[in-house]
Amino acid sequence: MIWNETKECMAPDDLKAMQSKRLRKQVERMYLQVPYFRQKMQKLDLHPSDIESIDDIRKLPFTTKEDMRDNYPTGLFASPLSEIVRLHASSGTTGKATIVGYTKKDIDIWTECVARVLSMADIGRNDIIQIAYGYGLFTGGLGLHYGGENIGATVIPMSTSNTRKQLQMMEDLKCTAIACTPSYLLHLMEEVKAQGLEDQICLKAAICGGEPWTEEMREEIESQLKIKAYDIYGLSEIIGPGVAADCKEHKGLHIYEDHFYPEIVHPETLEPVEEGEVGELVITTLTKEGMPMIRYRTKDLTSLSREKCSCGRTMARMSRFKGRSDDMLVLKGVNVFPSQVETALLELPETKPYYLIIVDRVNNMDQVEIQVEVEDEYFSDEIRAMENLQEKITKALKEAIGIQVKVRIVEPKTIERSTGKSTRVIDRRKLV
Ligand code: DLL
């Protein structure tokens, strides 16, 4: 594929020279166009001429979600609105959404990045791709849509919801690929099984992302649907989906470093961590025009490897995302990520990957209940059997997360199915 050879397999020195040139240009432009950024640099006694190479990036200030809120709605734009052709907004659940703007060139770059992702998954002009990410302010739908059209695939803009129609389209139009959140794919999978449609489905690949999911979940999806599932990462503040994705080797997500420069820092000290160590991903956009970002703190936790991948690509790889630093729960003093619960449940044959962690504080003590669904054949009215199963799940979860939790087996299909990003945690401690 043209994408791989020309752009994704650059020699490290050529890539570094390109990144340095692009960073210098980006900083100069932002210094001129974005007063907030200029003031931040001035406070650090920094001038664009101090930035000569990509290695100087550490001199630059970080950008955070708060900076975006302080400059709501368009204060961080580096292009006038007359050059902005599209607006999206982040899917933040608290406070005001943050608005992001794209020039025509930004849309072209975004499209190319998503096209690279699809090519990496062997999706091409002979494929029919069903886009079941939300269209609208969320970047998932339109991001995948433009990328799909760019490689010449036939794109079906389904958006989320209406599962019955999704399955009908999938069956009637013989879709070969689907793009949606992993939790929605799980739900679709469940319906395919329930309706006995396994033999009518022609899917060969799924492009899943938008929320954390585990390697165990990827393998479950692959074996149940007999397809290949790929992980796509991105965030609206940077561009949307297509910042990084995994190749057939599934040994980390290649980040498109010619456009997005990654750093991994310690989430508290903000100092760089050693290669391979987990920390917070910080991204600098090297080519974005509408709303460039310098050292944006994503809060996403991952590690970076610069070792060449066996697929031949030279772009750095990020390990599968463990979650966000703000998703981490401190339960009874122990750090717990929902992804650890998911891994443990997928390892047990009796449980399904549907769960809900409910945390409360009673008499100053954390109380944790994990609601779990089990495979239909294991759910019964027989109290003894359910108690044994409950004990088994409790033990597996204690081994995985290090604390004793109360497990509640709930009836099949009790936990809400998600069509977009799923809710895994209800933390009532924050509500009091
Ligand atoms: O979720 C963009 C996207 C759409 C990516 C479709 C992939 C597919 P936001 O709504 O701004 O943008 O949310 C970005 O979602 O900071 C991560 O915390 C999380 N996230 C996105 N992709 C992944 C992934 C889109 N593959 C936030 N693994 C990010 C883990 C992910 N977390």
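Both counts, for ligands and for their atoms, begin at 1 and track the order of listing.
Shortest non-hydrogen contact noted between Leu304 and Glu275 is O-CG, 3.2 Å.
Remark: the backbone N or O of Ile51 is not paired with any side-chain donor or acceptor of Arg24 at under 3.5 angstrom.
Note that the OG1 atom of Thr74 and the CE atom of Met68 stand 10.5 Å from one another [nearest 0.5 Å].
Listed by number with element, the atoms of ligand 1 under 4.0 Å from a non-hydrogen atom of Thr139 are 2 (C), 12 (O). Annotation for ligand 1: atoms under 4.0 Å from non-hydrogen atoms of Arg324 are 16 (O), 18 (O). Proximity to Leu235 (heavy-atom distance under 4.0 Å) selects the following atoms of ligand 1: 11 (O), 12 (O), 14 (C), 16 (O). Below 4.0 Å from some heavy atom of Lys421 lie the following atoms of ligand 1, by number and element: 1 (O), 9 (P), 10 (O), 13 (O), 14 (C), 15 (O), 25 (C), 27 (C). Residue contact check: Gly140 has heavy atoms under 4.0 Å from atoms 4 (C), 6 (C) of ligand 1. Residue-ligand proximity, Asp231 to ligand 1, at heavy-atom distances under 4.0 Å covers atoms 24 (C), 26 (N).
The side-chain contact (heavy atoms from CB on, under 4.5 Å) search around Arg324 returns Lys299, Asp300, Asp326, Asp327, not counting sequence neighbours.
Here atom 26 (N) of ligand 1 lies nearest to Ile232 when heavy atoms of Ile232, Thr181, Ile283, Thr302 are compared. Looking at Cys180, Gly210, Gly143 and measuring to atom 7 (C) of ligand 1, the nearest heavy atom belongs to Gly210. Here atom 2 (C) of ligand 1 lies nearest to Gly234 when heavy atoms of Pro182, Pro212, Gly234, Gly420 are compared.
Considering backbone and side-chain atoms alike, Phe138 places every N or O at 3.5 Å or more from each N or O of ligand 1. Checked by distance only, ligand 1 and Ser90 stay at 3.5 Å or farther apart across all their nitrogen or oxygen atoms.
Donor-acceptor pairing under 3.5 Å is recorded for the side chains of Glu211 and Ser422. Thr98 and Ser90 form a side-chain donor-acceptor contact under 3.5 Å, judged by distance and modelled atom types alone.
Residue-level proximity to ligand 1 for Lys299 is absent, since no heavy atom of it falls below 4.0 angstrom. Contacts between Tyr233 and ligand 1 below 4.0 angstrom, taking non-hydrogen atoms only, involve backbone and side chain alike.
In this pair, Tyr135 and His145 present their aromatic rings perpendicular. The plane angle is above 60°, beyond the 30 to 60° band.
At least one side-chain heavy atom of Val425 sits less than 4.5 Å from a side-chain heavy atom of Pro338.
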